[in-house]
Amino acid sequence: MGTTAARPHGCNNGDGKDENSSSSSSSKHDYNSLDRIIVIGSTCAGKSTLAATLARRLRLTFIELDAIYWLPGWGVRPVQDFRDRVDSLTAPPLSTTATAPPASSSSSSSSSSLPPSDPATSAPNTNRWVIAGNYSQQQDITVPRAQTLVFLDYPLHVLLYRLVRRTLQRWWTQEELWGLAGTREKLWWHFKVWSEESLVHWMLKTFWKRRRVTVPRLIEQYPHLKVVWLRSPRETDAWLERVTAAAAAGAGAKHEKAE
């Protein structure tokens, strides 16, 4: 458990250093590549929790793909609408030079902003963001724009334990997800492991494919990405602390330079 296929050249092994380059600096690497981040991983790996924490500590816009994709009553947003909204949130902002159009001018649907109150995002587009979610329908938009890909590649038994715990908690509290009406999870859904409704089914269906095929393919297709491959919650916590410390040091250095 926990063994993966060989990772492509340039992958980060969780300690902030490139496996193939012993001279890389973890603090410099982590901080300088964290303006645009995508966090992916299996169900219950903690993608949204990590992304929200990174957004808070690094002052990034937090974008939760689940909150964009799903509609009240477990409706599903049309694919093009989903892509347009993700494009709007991650597109580089318009130039602020004198030749730029006024803020009130109209624009195409792919470049329009979501309402500030939209639960999918914590702030307006500043071209500094962190995304939580896997959805392949939008990866051709976001991955080319990202700097860093964080893959939470935890052992299956850890994920299954977390899924059972989360399912029971949501059933007990009757939580409506992402602030949407009619999005309470039903306990019996997940025990039907033969059904597409079950997150246990989905986890088992995608776990090995994501590890062996999907993520290596993304890395090969987008070689500009800095890849952080984290194999346990402990590795993730340690990496997050280093990133936070590096960000604080970078902000302090900028303040001193400004003075």
Side-chain angles (χ1 to χ4, degrees), residues 12 16 28-41 45-70 77 79-96 100 103 107-152 177-179 214-215 218-219 221-230 236 239-248 250-251 254:
N12 184 298
K28 183 177 181 181
H29 168 89
D30 287 340
Y31 181 60
N32 290 342
S33 304
L34 292 174
D35 277 345
R36 293 179 296 282
I37 312 165
I38 297 175
V39 181
I40 63 174
K47 301 180 293 294
S48 295
T49 299
L50 176 60
T53 303
L54 286 167
R56 198 165 53 247
R57 296 188 184 185
L58 304 181
R59 298 184 180 181
L60 306 174
T61 297
F62 171 44
I63 302 170
E64 186 173 22
L65 294 182
D66 278 338
I68 304 174
Y69 181 80
W70 293 105
R77 192 176 299 281
V79 172
Q80 191 55 54
D81 186 14
F82 176 63
R83 286 173 56 83
D84 287 346
R85 286 170 178 258
V86 173
D87 183 28
S88 171
L89 288 167
T90 61
L94 295 174
S95 171
T96 55
S107 59
S108 66
S109 61
S110 64
S111 62
S112 61
S113 297
L114 290 178
S117 60
D118 196 295
T121 176
S122 61
N125 181 3
T126 60
N127 206 33
R128 298 186 68 247
W129 40 257
V130 53
I131 294 173
N134 300 307
Y135 296 89
S136 60
Q137 301 98 315
Q138 52 77 46
Q139 286 179 341
D140 63 310
I141 298 172
T142 58
V143 179
R145 296 171 178 173
Q147 294 174 315
T148 295
L149 179 72
V150 179
F151 178 32
L152 303 181
L177 306 180
W178 315 294
T214 306
V215 173
L218 281 175
I219 296 168
Q221 188 174 356
Y222 300 100
H224 73 282
L225 287 173
K226 304 294 189 299
V227 181
V228 182
W229 196 305
L230 300 166
T236 299
W239 176 77
L240 181 60
E241 290 308 312
R242 285 196 303 277
V243 166
T244 303
K254 287 182 180 179

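Side-chain atoms are counted along with the backbone in the values below, which use heavy atoms only and exclude waters and symmetry mates.
- Heavy atoms only, all atoms of each residue included: Asn134 and Gly41 are closest at ND2-O, 2.8 Å.
- Remark: Asp81 pairs with Arg77, Arg85 by the salt bridge (charged side-chain N to carboxylate O under 4.0 Å, His left out) rule, at least two apart or across chains.
- The CH2 atom of Trp239 lies 15.0 Å from the CH2 atom of Trp229; values are rounded to the nearest 0.5 Å.
- Phe151 contributes atom CZ, which lies 8.5 Å from atom CD1 of Ile219 (distance to the nearest 0.5 angstrom).
- Considering all non-hydrogen atoms of both residues, Ala146 and Ile38 come closest at CB-CD1, 3.7 Å.
- Between Ala51 and Val39, the closest heavy-atom pair is CB-CG2, 4.2 Å.
- How far CG of Leu149 is from CD1 of Ile37: 10.5 Å, rounded to the nearest 0.5 Å.
- Side-chain atoms of Arg128 come within 3.5 Å of backbone N or O of Arg59 as a donor-acceptor pair.
- Here the side chains of Thr61 and Val130 are not in contact, with every heavy-atom distance at 4.5 Å or above.
- The heavy-atom pair separating Leu60 from Asp35 by the smallest distance is CD2-O, 3.8 Å.
- One finds the CH2 atom of Trp178 at 12.0 Å from the CD1 atom of Ile68 (value rounded to the nearest 0.5 Å).
- Of the charged side-chain nitrogens involved, none lies within less than 4.0 Å of a carboxylate oxygen, so that Asp66 and Lys47 do not count as a salt-bridged pair.
- Here the CD1 atom belonging to Ile63 is positioned 4.5 Å from the CD1 atom belonging to Ile131, to the nearest 0.5 angstrom.
- The shortest distance between side-chain heavy atoms of Gln137 and Tyr69 falls below 4.5 Å.
- Leu58 contributes atom CG, which lies 6.5 Å from atom OG1 of Thr244 (distance to the nearest 0.5 angstrom).
- Partner Arg57 forms a side chain to side chain contact (heavy atoms under 4.5 Å, CB included) with one of Leu34, Leu240, Val243 and no other, that one being Leu240.
- Looking at His224, its side chain never comes within 3.5 Å of a backbone N or O of Thr148 through a donor-acceptor pair.
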TODO: Give the C-alpha distance, both sets of side-chain angles, the deciding distance and a yes or no for side chain to side chain contact (heavy atoms under 4.5 Å, CB included) between Arg56 and Phe62.
DONE: CA-CA 8 Å; Arg56 198 165 53 247; Phe62 171 44; over 6 Å; no
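- Taking the side chain to side chain contact (heavy atoms under 4.5 Å, CB included) definition, one finds that Gln139 meets it with Ser136, Val143, Leu218, sequence neighbours left out.
- Checked against side chain to side chain contact (heavy atoms under 4.5 Å, CB included), Arg36 has the following partners two or more places apart in sequence or in another chain: Asn127, Trp129, Gln147.
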